[in-house]
Structures are given as structure tokens and as C-alpha cells.
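Report on the structure given below.
Letters A, B, ... mirror the listed sequences (proteins, then strands); counts begin at 1.
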Protein chains: 2
Amino acid sequence: MKDVVSNCPIEEVMRVLSGRWPTLLLYYLKDDTKRFSDLRRDNPTLSHRMLALELRKLEVAGIIRRTAYPGYPLRVDYDLTASGLRLVPLIDALGDWWENRTGDHADPAEKTPEQLVSAA
Amino acid sequence: MKDVVSNCPIEEVMRVLSGRWPTLLLYYLKDDTKRFSDLRRDNPTLSHRMLALELRKLEVAGIIRRTAYPGYPLRVDYDLTASGLRLVPLIDALGDWWENRTGDHADPAEKTPEQLVSAA
DNA sequence: TCCTGGTTACAAAATAGTGCGTAATTTACA
DNA sequence: TGTAAATTACGCACTATTTTGTAACCAGGA
């Protein structure tokens, strides 16, 4: 089951946004235009292969724009598209939610679990 | 580099939400309380093992609540916590963004790419 | 024996990292 | 003047690591 076309927008966004790198790259590109080598320097734990793959994925998804200039040495710029920019606050909202989420999974039950049992 | 503690909330949410199942489960539990076996029936492509793993991950993250009743046959209910419910609209927003994102990655450049080159 | 909700061990599959190759021009240097 | 070396953004093949699936096992009562 490789590429199941989902027709569900949420499933599709998540396919693009899942993983460590997409949101990270989003943030590196949020305010600036960056080059491939800039992004690599920005975080060394991201291999050039992954960077290339992720950048392409985000480009195809219309989140970032790739601008290649002719001549050598090569030169390619990356920045967010208008859509990409609109995505940023949504991701921020997730971050805020995470920070402010209550620990209500540990609270004194509101669902009459009189016969509640501690997990196996 | 196994479990890098990120201190970045966005990185942390994405670690929980990444993959096919988290958001799907969120939707199955959005309005109803479900049992393990319900969720399995709801979508057969999710293996028994993965369901157990994902449910635990979401529980630890405070997104869903697990309620186990004593006695056999076993009986365990799952539903969203208050935090989990608050997460739903944020995920919806992502879905909306995806559906309405413009194809501006293909538009007539607004960034003077006079010497633009088609990608390799 | 079946039921439910797991867990574990092992195998298979998907995903990520490493290192080499490449292109066209400039600079380095003898 | 000729040539070797560096530069940048990848693609590719091979390997390492991680994730996921499969199947078997458990508990204890009906």
C-alpha cells in the first residue's frame, strides 16, 4: 500500500507536513530567502539527500518556491509562496495548542469512571 | 540520534501528529466514544499492533482518554479529552488551507526572475 | 473454546544517511 | 599559458536505521 490517494484534504496535508523537516524548513524560510547550502548549514543533522527530497515535496505542494539562476557555480533560491506564508500561522496555532494543552488526561475524571481500571 | 528532545513545541506536536493514523483516529473519535474493536473495524488497513501503539501515543499526549472497565471480556473505551477536542478545529484549518491553497507556485513570478531557469 | 485489548518476538518494508559523480566557470599557481 | 582545483546543487547507488506488519500468546469468565 504505497501511495493511497486519499481524497481527504487532511490526510493529504499530513502527508506533506509529516516528519521532522517540513515544519522546520517552513520556519527557516518564514522570513528569509535561503539557498540550499544555507539550509544545510542551518541544521547539520539534515542530510543533503533529505533536504533535496523535502524541498521538492514542499515545492510540489506549493508551499515553497524554487528559483534557479543560470551559470556556475549553481545558484538556487528557496522562499515561501503566498500559500506557504498562510500556512505558517496554522502551524503556530498547533504549537500554541501543544504548549497550553491542559494535562486533563490526568485529571479527576469527569466521566463517572467509578469502576475505572488502571491500564494494564 | 533517536529521541532528540526538541524543546520546540511545533517539533513536539508534529512528532505526535505525524503519520497517517493520528488525525484519522482524531476524526473517528471526534463525536463518539469508541472501543478498540470499533476502531479496528472502522479501518481495516490499520493493524492491531499499530492501533495499540497509536492509541497509546495519543493518550500519553493527552489527546485521547482511555477508560478501561474491569471484567472479562475486556472492555476499553476511547474518546477525546478536552484538549483533544480543541485540537480538532486546528486540524480542520489545515485541511481547509490545503483545499484552498492557490496554485501560486505556478504563477507568473512576482520576484523578477528575469534569468529564471527551469529546474534541472 | 471464545471473547477483548493488549504485548512480544521476528520478518518485511519503508525511510534516511553516506559518499561519489557531475556540470561550467572562476581562481590558483607554476 | 596551461592545467589543476574549487565551487554549488543536486542524482544515484548502496547501506544503515526505523517503522510497520504478522503471528502467536496472555488473562479469566461465559
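Distance Lys57(B) NZ to dT7(C) P: 15 Å, rounded to the nearest Å. When rounded to the nearest whole Å, the span between CZ of Arg75(A) and P of dA6(D) equals 23 Å. In this structure, CZ of Arg40(A) is placed 15 Å from P of dT7(D), rounded to the nearest angstrom. The distance between atom CG of Leu51(A) and atom P of dG11(D), rounded to the nearest whole Å, is 11 Å. Between the CG atom of Asp77(A) and the P atom of dA9(D) there is a distance of 9 Å, rounded to whole Å. Atom P of nucleotide dA16(C) and atom CG of Leu24(A) are separated by 14 Å, given to the nearest angstrom. If you measure from atom CG of Leu55(B) to atom P of dT20(D), you get 14 Å, rounded to the nearest angstrom. Between the C1' atom of dT19(D) and the CZ atom of Arg20(A) lies a distance of 16 Å, rounded to the nearest Å.
Closest approach of Leu80(B) and Leu29(B) over heavy atoms only: CG-O, 3.7 Å. Listed here is the closest heavy atom pair of Asn7(A) and Pro9(A): O-CD, 3.6 Å. Taking all atoms of both residues into account, the shortest heavy-atom contact from Ser18(B) to Lys57(B) is O-NZ, 4.0 Å. The two residues Ile63(A) and Leu17(A) have their closest heavy-atom pair at CD1-CD1, 4.2 Å.
Contact check, Arg35(B) against dT4(C): no side-chain N or O comes under 4.0 Å of OP1 or OP2.
Residues satisfying the salt bridge (Lys or Arg N to Asp or Glu O under 4.0 Å) criterion with Arg35(A), sequence neighbours excluded, are absent altogether.
Comparing Gly19(B) and Val76(A) along DNA chain D, the residue whose closest nucleotide (by nearest heavy atom) sits nearer the 5' end is Val76(A).
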Each nucleotide N or O in nucleotides 21-28 of chain D that has a protein N or O under 3.5 Å away: list the pair and distance.
unit_1	atom_1	unit_2	atom_2	d
dG21(D)	OP2	Ser47(B)	OG	3.0
dG21(D)	N7	Arg49(B)	NE	3.0
dG21(D)	O6	Arg49(B)	NE	3.4

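A donor-acceptor pair shorter than 3.5 Å cannot be found between the side chains of Glu54(B) and Trp21(B).
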